[in-house]
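All values reported here derive from a predicted model rather than from experimental measurement.
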Amino acid sequence: MLSATALVAGLAACGGESQTYATVVDKIQGASTVVVGTKYDQPSLGLKVGNDPEGFDVDVAKAVVKELAGGKDVEIVWKESASSNREPFLQNGTVDIIFASYSITEERKGKVTFGGPYVVAHQDVMVRKDDTSINTPQNLVGKRICKAAGSNSYRRITDPPPDGELDLDATTVDAANYSECVQKLSGSNLDAVTTDDLILAGFAKQAGGNFKVLGQGFTDEKYGIGLKKGDTKTCEAVNAAVKKLWDNGTISQLLTKWFGGIQGLKLSETAPPPEGCA
């Protein structure tokens, strides 16, 4: 007759998913599923189409997970992770790992262990195509810009260093996310949306020419892979995977697939150096 302890151990071994793993890379290598957080509202990065999201971040996530799994197939369960809930989702275990235009900042490093970056974007400005009053970021003085919940991008316009960049007197308009920002821009409820050029390029592409990106990036936004604070083992494995995917041309191919041909957008051509795991 099996003891209760042996029975539980046997069920865990058979069930896989009920087993507790010390790190995400252990889970990816030992279980059949992993929960990946990404955006659902950012065209060309992470946009839900049908049952699953698609875009650059999604494809990078698939490639990295496969590398972490040693080339075997692992089922990815996608979880929408907006800017406002990325840290809580990692902290409470709602997701295992996040690929969601997640810029590495010193403030966020206090809450999250970041792998990568896997690409560097640059904050830029998007306006309506017929707007001739905004030609540079400095023209945002007195203009209405979007303040997306959980995002720091607006601060780069309105705040002085070290938190900001330009220290301009612009008016902020609240929105739940960047999809709502774009809706407000389309409806003339604000004058500009300012965030990473890859995010703006995806929306501009989706809008079919109704918006234009200035092509004057003024920051470096290092897109990291979010992990629960302290998971340095997975972070190191992620960094090795990212290096391999740059070395074999995968990430360059994915950048071209999702962002090639967008006017004013300069794509990364080399692998950014890793930040280090802490």
Around [X], counting heavy atoms of other residues, nucleotides and ligands shown, do more than 12 lie under 6.0 Å from its [atom1]?
X: Lys244; atom1: NZ; result: no
X: Lys212; atom1: NZ; result: yes
X: Lys229; atom1: NZ; result: yes
X: Lys109; atom1: NZ; result: yes

Can a donor-acceptor pair be found, under 3.5 Å and without considering hydrogens, that links the side chain of [X] to the backbone of [Y]?
X: Asp57; Y: Leu45; result: no
X: Lys266; Y: Gly215; result: no
X: His122; Y: Phe218; result: no
X: Tyr21; Y: Gly30; result: yes
X: Thr232; Y: Ala278; result: no
X: Arg108; Y: Ser103; result: yes
X: Asn239; Y: Gly116; result: yes
X: Thr194; Y: Val125; result: no
X: Thr195; Y: Ser153; result: no
X: Asp124; Y: Gln216; result: yes

Inset, instruction - Check the pair Thr219 / Glu165 against side chain to side chain donor-acceptor pair (under 3.5 Å), numbers first and verdict last. - result: CA-CA 8 Å; Thr219 66; Glu165 294 281 339; over 6 Å; no
Inset, instruction - Apply side-chain contact (heavy atoms from CB on, under 4.5 Å) to Phe203 and Ser186, showing your working. - result: CA-CA 11 Å; Phe203 281 117; Ser186 180; over 6 Å; no
Inset, instruction - For Ala175, check side-chain contact (heavy atoms from CB on, under 4.5 Å) against everything at least two apart and list the hits. - result: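 side-chain contact (heavy atoms from CB on, under 4.5 Å) list for Ala175, sorted by chain: Cys146, Glu180, Cys181, Lys184.
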Inset, instruction - Evaluate side-chain contact (heavy atoms from CB on, under 4.5 Å) for Val65 paired with Lys62, printing each intermediate quantity in order. - result: CA-CA 5 Å; Val65 167; Lys62 291 175 181 176; over 6 Å; no
Is any side-chain heavy atom of [X] less than 4.5 Å from a side-chain heavy atom of [Y]?
X: Val35; Y: Thr94; answer: no
X: Pro117; Y: Glu275; answer: yes
X: Gln206; Y: Leu47; answer: yes
X: Tyr118; Y: Val64; answer: no
X: Thr172; Y: Ile145; answer: yes
X: Ile157; Y: Gln123; answer: yes
X: Arg86; Y: Ser81; answer: yes

Legend entry - Nearest non-hydrogen partners of Asp191 and Val127, listed with the distance: O-CG1, 3.7 Å
Legend entry - Minimum heavy-atom distance Leu227-Val112, with the two atoms named: O-CG1, 3.3 Å
Inset, instruction - Write out all pairs satisfying disulfide bond (SG atoms under 2.5 Å apart) with one or both partners inside residues 245-278, taking only residues at least two apart or from two chains. - result: Cys235-Cys277
Legend entry - Geometric class of the Phe56/Phe259 ring pair [parallel <30°, tilted 30-60°, perpendicular >60°]: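 Taking Phe56 first and then Phe259, their aromatic rings stand perpendicular (interplane angle over 60°).
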Inset, instruction - Mind telling me whether Phe114 and Tyr102 have parallel, tilted or perpendicular rings, with 30° and 60° as the class edges? - result: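 Perpendicular.
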Inset, instruction - Working to the nearest 0.5 Å, report the span between NZ of Lys147 and CG of Asp174. - result: 5.5 Å
Inset, instruction - Enter the distance from Met126:CE to Asp197:CG here, rounded to the nearest 0.5 Å. - result: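 If I round to the nearest 0.5 Å, the distance is 12.0 Å.
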Legend entry - hydrophobic_cluster_shared for Trp258 and Leu245, side chain cutoff 4.5 Å: yes
Legend entry - Joint hydrophobic cluster, Leu198 plus Val242, side-chain heavy atoms closer than 4.5 Å: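 Looking at the clustering, Val242 is in the same group as Leu198.
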